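Have a look at the structure below before the remarks.
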Amino acid sequence: MSVALANHSTTWDSLSHGRPGFIRFGAYLGVILGAAGLAMFGSGGYNQDQYLFQLLGSPGLIWCGTGAIIGALSSTVLSTLRPSLTESRIATNLVPWLDGVLMMLLLAAVLSQFEPPKSMISFDDQSNLFSGRVIMAMNIVFIFSAVSYIAYLFAPDSFMGRLATWSAWAGVYAGGSALLLRWHESYLISPDIGHAPVSNLYEVFILLCCVTTTVYLALEKRYQAKAMGAFVLTLVAAAVFFDIWLASVGEASIKPLVPALQSYWMKIHVPMNFIGYGSFSVACGAGMAYLWRSHLEKRGSNARILAVMPTLDQLDQLAYKAVSIGFPAFTLATILGAAWASEAWGGYWSWDPKETWALIVWLTYGAYLHARVSHGWHGRALAWWAVAGFLVTLFCFLGVNMYLSGLHSYGRLS
Amino acid sequence: MDNLKESLKPVFARLGSMTLAVGILCVLAVASAIGTVLLQNQEQSDYIRQFGQLWYWTFRSLGLFDMYHTWWFLTLLAFLMVSLAVCLWRNVPHMLKEMRTRKVTITDKSLKHFHHLHHWQIAEGTSMAEVKQTAEKGLSEWELLEAEKNDAFYLRGDKGRYHKWGYILAHAAVLVILTGGWISVHYGFRGNMAVPEGQSENEIEFLRGATVNHLKMPFRVRCNKFHIEFYPSGPPKEFRSNISIIDHGKVVMTKDIIVNEPLKYKGVRIFQASFGDGGSGITLKLFHLDGSQKIQTVKTHVYDTWKDPKSGVSLQITNFRPFNIQNMAGAGEPKNFQDLGPAVEYIIRGPGLKPVKVKSYMDPFVMNGQDRGMLMEVSESGDKKDFQPFLLGLDLTHPKEWKLFHAFIHAAAALGGGNTQHERFKAFNAALKQVYGNKPPKDFQDLGARLLQGIASLPKIPWPFIPILDNYHQVYYTGLQLTEDPGMNVVWAGSILLVLGLCIMFYLPHRKIWLVIRPAGKGKGLEVSMAGMTNRNRLGFEREFQALSSKLNTMFEPQ
């Protein structure tokens with residue numbers, strides 16, 4: 001922040017502001033409503049097995065296309081009638097994200113052209129699937145990005161900073177499109193097996209890397225906290241190494257879903273949870289940065305890094321910021337999990353180890369927020385809390401699967 | 001009375017204090033963690049084995065084996081509720097009042113203390129009314145109030161004025177959720193029933209502490225059919241039960257249920273939970289090993305025990321599975337899933353016999369297209385992990401092979417024991433001729449190899465006969481879970497409040513700005529000060545404040 005690289009790429013921003021952005025927002029909204037309409041009213045109700053095929057086929061084109069046209073037209077009319085609408089915060093904040101999602105979908109569509117011919121795809125040997133290569137690219141890019149961010153700490157030049165940020169974005173796009181490819185591939189292997197790529201540890205770790213990086217990048221863009229990236233991307237790189245290990249012990253293959261997981265809830269509950277986990281990882285990165293900086297300051301060091309890194313106050317705020325993204329998301333995810341549990345297991349709460357640990361995570365960050373907001377705690381104690389909270393989170397989504405049994409046992413390593 | 005009130009005041013203050021709340025949250029977190037490390041509601045004997053007597057009784061007296069229902073855990077939850085209620089009781093009136101009153105004027109002294117502050121000098125010639133108008137236009141997105149005092153003009157703008165509702169909703173929501181949970185526990189039930197195909201059941205059983213309780217339902221559930229589907233690689237793909245609800249002797253509803261798609265009747269939801277063998281009909285063939293070539297047919301059921309009156313040997317049938325999909329690949333080879341066909345599991349006991357668990361397959365074991373004879377798996381410990389394969393060599397689904405086996409023994413005995421290869425060859429030829437006549441099977445060489453394996457392996461069997469699965473009539477039971485949960489909707493309502501409250505709390509911070517316009521002194525024009533504060537998201541507000549300042553900059557000083 002101190003060496004502020006405040007080169008907000010202005011042309012980029014201008015595209016999502018003003019009228020073009022607002023019209024796009026209308027179109028996106030139309031597409032989403034069209035997809036929802038197709039789910040509810042297309043061919044007489046939602047059918048879990050058919051929906052994706054409908055969405056990608058001509059019914060999807062008709063519903064979403066109509067939605068896009070109606071949305072774009074009505075937002076054009078609206079913005080003519082009331083020009084002040086085009087500056088609405090919701091539209092300007094959401095449009096870049098929706099643009100990003102669209103680009104990721106397009107990227108995945110392009111990459112899917114590199115899949116081997118259908119006759120070469122089999123369940124028994126999945127090594128020829130293209131997503132594997134994209135994931136490998138993601139691994140390399142994330143590790144490169146982590147190294148660049150660390151280099152930036154010591155050599156804060158703007159090229160290095162841009163390289164780090166751009167490679168982090170490249171990693172997010174590679175990971176996201178690889179997951180989309182895997183989704184596609186699971187259907188290529190057999191329509192029976194097809195499922196969203198959030199069903200085992202390997203897949204959710206890719207998701208975790210992407211979500212953590214995305215949350216961090218959003219904060220970086222808003223608050224120019226580039227030097228914090230060294231800490232966050234190091235965590236991401238650790239996750240990448242864990243994923244590489246998982247692949248090396250044969251946990252990377254696409255496996256069919258057990259009956260308990262065959263539900264649309266999986267597609268909502270799991271990604272929501274990982275928004276929480278990812279944000280908590282970023283909070284941990286900010287906490288570590290805080291502790292390091294305060295350690296340096298205590299020693300009276302006048303290292304150049306101190307000029308690069310955000311101030312203690314800013315780091316404190318950033319950790320809180322990340323928790324304030326994660327906490328509501330995690331709360332919602334836990335509630336969605338309870339809703340799923342009530343539909344699949346007959347009760348919204350069973351004190352299953354995973355549920356209980358989700359509660360513990362929730363209590364930990366709930367206590368963090370109370371200590372901070374109402375008790376006015378700041379500084380080192382809370383930075384330690386953010387780091388400790390992340391360890392609890394880590395146990396919740398990894399330790400429980402590895403060491404405890406229970407109803408979430410499908411997340412287990414075999 | 002007043003005295004009592006006075007003396008309760010500190011208690012009340014303590015109960016609603018934040019320190020207590022954070023303390024309870026932390027203690028709850030630690031207690032919950034213990035409950036996940038110590039497996040809950042296991043067999044008491046397992047606990048004794050695991051911890052030894054001393055720790056077993058220590059843990060047991062603390063209720064750690066059914067921790068989430070112990071008095072102290074529930075007391076903790078009750079404490080949390082009381083603390084929350086007191087906290088709300090004490091703070092909500094303040095908050096409501098604060099949201100209503102908005103002080104417009106601001107003293108110079110307090111103005112100086114603002115972190116976010118901006119000043120403008122407006123040159124002589126612009127009237128106060130003009131500046132006021134410009135400022136109001138610039139602050140069009142803010143909820144404005146205005147006032148005039150001592151020549152100065154005050155403007156107050158608010159955004160997210162209802163931020164405090166976030167606190168109120170989120171905290172009230174936790175109370176609502178806990179209340180819903182309490183209603184669920186006290187007025188709801190959750191239990192299991194196992195219904196064999198073709199039968200009906202109206203009682204559920206559930207665990208309370210270490211005892212099993214029963215509860216009658218106001219209707220009967222009949223399982224018409226249970227169907228299980230597998231993926232080609234073995235794991236189950238779908239469990240589906242076709243069930244009928246029988247109320248007052250009449251079928252009122254017939255429906256399929258699968259995991260994730262329950263059925264609801266009279267407020268009771270019925271879930272597909274598990275399945276198992278519902279007492280399948282089993283036909284066994286007993287191949288007597290006394291040289292009599294006798295093959296006895298026995299009909300029994302899973303979970304029944306059949307006893308041979310003559311030898312005293314008993315067979316307790318424990319399980320039956322129509323599919324047994326196994327990975328036949330060796331370590332490091334690509335996976336190769338193969339269905340070994342139906343198999344029955346039984347425990348064989350008898351005078352002078354060591355009881356063992358046996359899994360007997362109906363079909364011969366085929367590898368690379370070649371018949372390898374009957375397969376059995378034997379576990380000496382009775383544990384599934386310890387099953388060891390045992391190949392009989394002979395394919396007993398062909399009655400002729402059983403005859404061939406005996407013919408060979410006779411022929412070999414006549415030739416002097418069949419100890420040399422030559423003798424065995426001759427005996428085999430003789431037996432082949434005796435059983436198959438002049439038309440020996442095409443794969444007779446292979447048959448010979450298997451026969452020799454049978455000669456070697458059959459005498460090792462200590463039982464008077466080999467029980468082989470011959471036929472079956474499969475009957476499943478479907479494991480259903482029945483629940484009634486009147487607290488559930490309360491919990492959902494609380495959940496919605498919670499998410500709503502959190503969103504208001506985190507994403508709608510209360511931002512206040514004051515704009516003070518006053519004459520700077522004779523001939524010096526006007527002085528404008530803007531101060532801002534927020535209770536959340538300081539970084540975000542800093543940006544917002546800066547943007548607002550520069551916007552007003554251009555408005556006050558048009559180029």
Side-chain angles (χ1 to χ4, degrees), chain A residues 84 87 123-125 190 192-193 222-223 255-263 265 313-314 317-318 320-321 324-325 327-328 331-332 335 338-340 342-354 356-357 359-364 366-367 370-371 373-375 392 400 403-406, chain B residues 18-19 21-23 25-26 28-30 32-33 35-37 39-40 67-68 140-141 181 184 188 190 231-233 235-239 258-262 269-273 334-337 481-483 485 488 491-492 495-496 498-499 502-503 505-507 535-540 543:
Chain A
S84 68
E87 284 308 318
F123 175 76
D124 297 324
D125 181 14
S190 156
D192 273 7
I193 287 178
R222 274 180 93 99
Y223 306 111
K255 290 191 188 76
L257 284 186
V258 296
L261 289 181
Q262 293 166 11
S263 167
W265 285 108
D313 184 47
Q314 284 165 331
Q317 289 284 326
L318 281 166
Y320 168 69
K321 193 80 208 157
S324 71
I325 297 170
F327 191 71
T331 308
L332 184 59
I335 290 169
W340 186 5
S342 114
E343 205 172 299
W345 302 330
Y348 53 83
W349 197 262
S350 319
W351 292 108
D352 157 66
K354 193 78 167 186
T356 311
W357 274 94
L359 176 69
I360 295 169
V361 170
W362 193 79
L363 291 172
T364 308
H370 279 99
V373 177
S374 317
H375 248 88
V392 175
V400 172
Y403 301 114
L404 304 175
S405 59
Chain B
M18 189 61 56
T19 321
V22 173
L25 293 187
C26 292
L28 267 178
V30 172
S32 308
T36 62
V37 179
L39 285 181
Q40 301 285 298
M67 214 200 69
Y68 304 112
S140 61
E141 285 172 18
S184 297
R190 188 170 172 186
Y231 291 106
S233 57
K237 182 179 171 193
E238 188 182 83
F239 311 123
I258 61 175
V259 182
N260 277 314
E261 286 177 30
R269 294 188 303 157
I270 304 174
F271 296 85
Q272 177 71 61
K335 284 173 188 147
N336 173 21
F337 293 103
Q481 183 166 85
L482 280 76
T483 69
D485 200 337
M488 195 168 70
V491 171
W492 295 150
S495 303
I496 292 169
L498 180 60
V499 173
L502 287 177
C503 285
M505 231 154 111
F506 286 112
Y507 303 128
N535 56 352
R536 285 278 164 117
N537 192 10
R538 273 203 282 130
L539 291 181
R543 286 154 45 89

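A, B, ... follow the sequence lines: proteins, then strands. Residue 1 opens every chain. These figures come from a predicted structure and were not determined experimentally.
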Open item on the list: Checking side-chain polar atoms at under 3.5 Å, does B/Tyr231 have a donor or acceptor matched by the opposite partner on A/Ser190?
Closed with: no

- [ ] Select one option (side chain, backbone, both, neither) describing which atoms of A/Leu359 are under 4.5 Å from chain B's heavy atoms.
- [x] side chain

Open item on the list: For a quick test of reading the model, state the closest non-hydrogen atom pair linking A/Trp340 to B/Asn260 and the distance between them.
Closed with: NE1-OD1, 2.9 Å

Open item on the list: If I measure from the heavy atoms of chain B, does A/Asp125 come under 4.5 Å with its side chain, its backbone, both, or neither?
Closed with: neither

TODO: Counting only heavy atoms closer than 4.5 Å, note whether B/Glu238 contacts chain A via side chain, backbone, both or neither.
DONE: backbone

- [ ] Below 4.5 Å from any heavy atom of chain A, which atoms of B/Val30 appear? Answer side chain, backbone, both or neither.
- [x] neither

Task: Where B/Ser184 and A/Tyr348 come nearest, the two heavy atoms and their spacing - done: OG-OH, 2.6 Å

Open item on the list: If we define contacts as heavy-atom pairs under 4.5 Å, which of A/Ala371, A/Ala344, A/Gly346 has the most with chain B?
Closed with: A/Gly346

Open item on the list: Under 4.5 Å from any heavy atom of chain A, what part of B/Thr19 do you find: side chain, backbone, both or neither?
Closed with: both

TODO: Could you have a look at A/Lys321, A/Gln317, A/His370 and say which one has the most heavy-atom pairs with chain B under 4.5 angstrom?
DONE: A/Gln317

- [ ] Report the C-alpha separation of B/Thr36 and A/Val400 in whole Å, then their side-chain angles, then the decisive distance to 0.1 Å, and conclude whether the side chain to side chain contact (heavy atoms under 4.5 Å, CB included) test is met.
- [x] CA-CA 9 Å; B/Thr36 62; A/Val400 172; over 6 Å; no

- [ ] Quick one: closest heavy-atom pair of A/Trp357 and B/Ala33, and the distance?
- [x] CZ2-CB, 3.9 Å

TODO: Specify which of A/Pro328, A/Pro256, A/Ala367 makes the most heavy-atom pairs with chain B at under 4.5 Å.
DONE: A/Pro256

TODO: Looking only at non-hydrogen atoms, find the nearest pair between A/Gln262 and B/Lys237 and report the distance.
DONE: NE2-O, 3.0 Å

Open item on the list: So does A/Ser350 get a backbone contact from the side chain of B/Tyr68, meaning a donor-acceptor N/O pair under 3.5 Å?
Closed with: no

Task: chain A contact via B/Ala273 - which portion, at a heavy-atom distance below 4.5 Å - done: neither

Task: Contacts of A/Phe327 that satisfy ring-ring contact (aromatic ring centres under 6.0 Å, His included) - sequence neighbours left out - done: A/Trp362

Task: Residue part contacting chain A, namely of B/Thr483, when any heavy atom lies under 4.5 Å - done: side chain

Task: Spatial distance of atom CG (A/Leu363) from atom CG (B/Leu28) [nearest 0.5 Å] - done: 6.0 Å

- [ ] Identify the heavy atoms of A/Glu343 and B/Phe271 that sit nearest to each other, and give their distance.
- [x] O-CE2, 3.2 Å

TODO: Could you tell me which portion of B/Asp485 (side chain, backbone, both or neither) has an atom closer than 4.5 angstrom to a non-hydrogen atom of chain A?
DONE: side chain

TODO: Quick one: closest heavy-atom pair of B/Arg543 and A/Tyr223, and the distance?
DONE: CD-CE2, 3.8 Å

Open item on the list: I'd like to check the side chain to side chain contact (heavy atoms under 4.5 Å, CB included) partners of B/Ile496; sequence neighbours left out, ordered by chain and number.
Closed with: none

Task: Side chain, backbone, both or neither of B/Leu498 within contact of chain A (heavy atoms, under 4.5 Å) - done: side chain

